[in-house]
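Reading through the structure tokens given below for one structure.
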Amino acid sequence: MQGLPPRGMRDFYPDQMRTRNWLFSRWRESATRYGFEEYSSSVVEQEELFILKSGEEIVSQLFNFTDKGGRRMALRPEMTPTFARMIAAKGGALAKPLKWFSIAQCFRYERMSKGRKREHYQWNLDVVGVPEVTAEAELLAVALDALGGLGLSAKDVVVRISHRGLMGAVLEGLDIAQESWTGVFGIIDKRGKEPDETLWKLMEAQGVPESTIRALFSLLDENTFDPFYELLEQKGLPTASVEDLRTLFGYLEAYGVRDYCEFSPSIVRGLPYYTGIVFECFDREGTFRAVFGGGRYDSLLELFGAGPLPSAGLGFGDVVIQEILQEKGLLPGLSRRIDFFLVPFSQEERVQAFRTVQQLRKQGFYCDLVLNAKKLKGALREGARLRAKRVVLLLPDELKQGLLVLRDLESGQEERIPEERFLADPGRFLQDDSNSPSRRT
RNA sequence: GUGAGUGUAGCUCAGGCGGUUAGAGCACUAGGUUGUGGCCCUAGAGGCCGGGGGUUCGAGUCCCCUCACUCACCCCA
């Protein structure tokens, strides 16, 4: 088929654009209400910016090119490096703590599957300069506020929370050899996706003794912190990760979002730069990819030449959330808004129609009018297709008497009214005054 | 990168063992007599049946190749 966008890229036709704008406005509204400030940047960056953060392997996943000056460039695969660059460039000039957000289009060159395109928009929220888990609590509160605004409750979605330092300490506490940690992490991450029996065999293949596997699996089933704390304390290992988690859950309770959240030790997250709390949000049925994810990255900004800046962030993509809302029937039936649709009977009445429609538009009404020479019949059909609330007919005989004909498309009723009187208060002809300009905020 | 599935009208799809001018519904356009939409009726327009090759008297249909899309795996936002 011709006319399709490049692989993995999306066209937004007006219907889809309405939905997208609606989603973005929910994001933007929540973020600003929670005190986050919006920022933006170009989608193109120097390739090395991404290599600096993620290593050479990232290059194969980039949409990259050489510009005419021979510089290696790339479309951003995520917003965090750009964010870090911007923060570092301003050095100490920025007052901390700092709370910024962006709705950024990101690109990634890879195979597509459900919930995954080569291009998406991501709502990014970051808090810089806060070493305490108050940052994470605030991030989760704002993301869950947005989810609530989109119609998803704690019955629909769950945030699984863990700590980067926790599993490492646990593996150490269980005396699992350091060289098999990477493999073991990978197996832990598969928990819930593969049957335990399979995972058990994989663990054995890693050389983990049976008794240790049993201990590890029973720990993974825990949703309280005590067994972890006891294990770490008993082995003389740092317990900071468990304490962070305890504190965070206390804060989440106070924020009123505790019922969305659960402790889930197997959450690890792929990105290497996380240093503390990590979290991912899923639909409760588990049929979709993660809705959002994030965590603490205390050493990342230093990589970019900023001083030590404890930070936490969150990324929330537009693809998965729309799939979930679609499946749950929560996408609103958005339609374009036309208050008045003006129909000049013939070319004779056109100029008059232009004058009238401009007066309505200046008053703040949403108006359209017939642009093609068209019979009355076709014009009315066009008005109906646009779902115009009222059609304003400019008919020769009535116009000679200074009268406009207002037609209600739903009831079919018509009213003849002097133009001056109509323009003095057009809003009273729109029955449901909830949409009239005077009621708009 | 591996595996599977699907490509026929703008959209959703039909086209039993190969057989004459390729079908439906929706959408679109125009009519159904002077200046009135939705419903109904009539008509019209719209297809290199994804592309290429092969088998055959004959291919939308069978075979091979290729491309595109979708899903799963991998990886990850």
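So you know, we letter chains A, B, ... as the sequences are listed, proteins then strands, and number each from 1. These values consider heavy atoms only, across backbone and side chains, with no hydrogens, waters or symmetry-generated copies. Being a predicted model, the structure only gives us computed values, none of them experimental.
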In whole Å, measure the gap between the P atoms of B:G7 and B:U12 for me. 12 Å
Determine the interatomic distance between P on B:C67 and the same-named atom on B:G52; round to the nearest Å. 15 Å
Roughly how many Å apart are B:A59 and B:C49, using the P atom of each and rounding to a whole number? 13 Å
For atom CZ of A:Arg385 and atom C1' of B:C26, their distance in whole Å: 16 Å
Please report the distance separating the P of B:A30 from the corresponding atom of B:A45, rounded so that it comes out in whole Å. 15 Å
Between A:Phe83 and A:Tyr39, ring centroids under 6.0 Å: yes
Can you give one letter per nucleotide of nucleotides 36-41 of chain B, going 5' to 3': B for a protein heavy atom under 4.0 Å from the base, S for sugar-phosphate only, - for none? BBB---
P atom, B:A22 versus B:G60: distance in rounded Å? 9 Å
Gap between atoms CD and P, on A:Glu110 and B:U2 respectively (whole Å): 16 Å
Contacts of A:Arg118 meeting side chain to side chain donor-acceptor pair (under 3.5 Å) (sequence neighbours excluded), chain-then-number -> none
Using the C1' atoms only, state how far B:G44 lies from B:G50, rounded to an integer number of Å. 28 Å
Taking A:Arg390 first and then A:Asp339, would you say they form a salt bridge - that is, a charged N and a carboxylate O separated by under 4.0 Å? no
Applied to residues 344-357 of chain A, the salt bridge (Lys or Arg N to Asp or Glu O under 4.0 Å) test, sequence neighbours excluded, yields none
Which residue, A:Ala290 or A:Lys375, contacts RNA chain B at a nucleotide closer to its 5' end, judged by nearest heavy atom? A:Lys375
Looking only at B:A68, B:C28, B:C74, the nucleotide nearest the A:Arg289 side chain is B:C74
Whole-Å P distance, B:C63 and B:G18: 11 Å
P atom, B:C57 versus B:G47: distance in rounded Å? 33 Å
Any residue meeting side chain to side chain donor-acceptor pair (under 3.5 Å) with A:Lys201, in chain and number order, not counting sequence neighbours: none
May I have the distance from A:Lys374 (atom NZ) to B:C28 (atom C1'), rounded to whole angstrom? 12 Å
Can the ring centres of A:Phe292 and A:Phe316 be said to be less than 6.0 Å apart? yes
Criterion side chain to side chain donor-acceptor pair (under 3.5 Å) on A:Thr66 and A:Arg72, from CA distance to verdict: CA-CA 5 Å; A:Thr66 304; A:Arg72 292 296 303 159; 2.6 Å; yes
Over all strands shown, is A:Lys117 touching base, sugar-phosphate only, or nothing at heavy-atom distances under 4.0 angstrom? base
Measure CZ/A:Arg7 against P/B:U70 and give the value in whole Å, please. 8 Å
Can you list the stems that RNA chain B is part of, where a stem is at least 3 pairs in a row, each Watson-Crick or G-U, with both distances below 3.5 Å? B:1-7 with B:67-73, B:10-13 with B:23-26, B:28-32 with B:40-44, B:50-54 with B:62-66
A:Arg108 bridged to A:Glu119 by N-O distance under 4.0 Å: no
Salt bridge check, A:Arg10 against A:Asp318: does any charged N sit closer than 4.0 Å to a carboxylate O? yes
Which pairs count as side-chain hydrogen bond (donor to acceptor under 3.5 Å, both in side chains) when at least one residue sits in residues 137-158 of chain A, sequence neighbours excluded? A:Ser30-A:Asp145, A:Arg33-A:Asp145, A:Tyr34-A:Asp145, A:Lys99-A:Glu138, A:Glu138-A:Tyr255, A:Ser153-A:Asp156
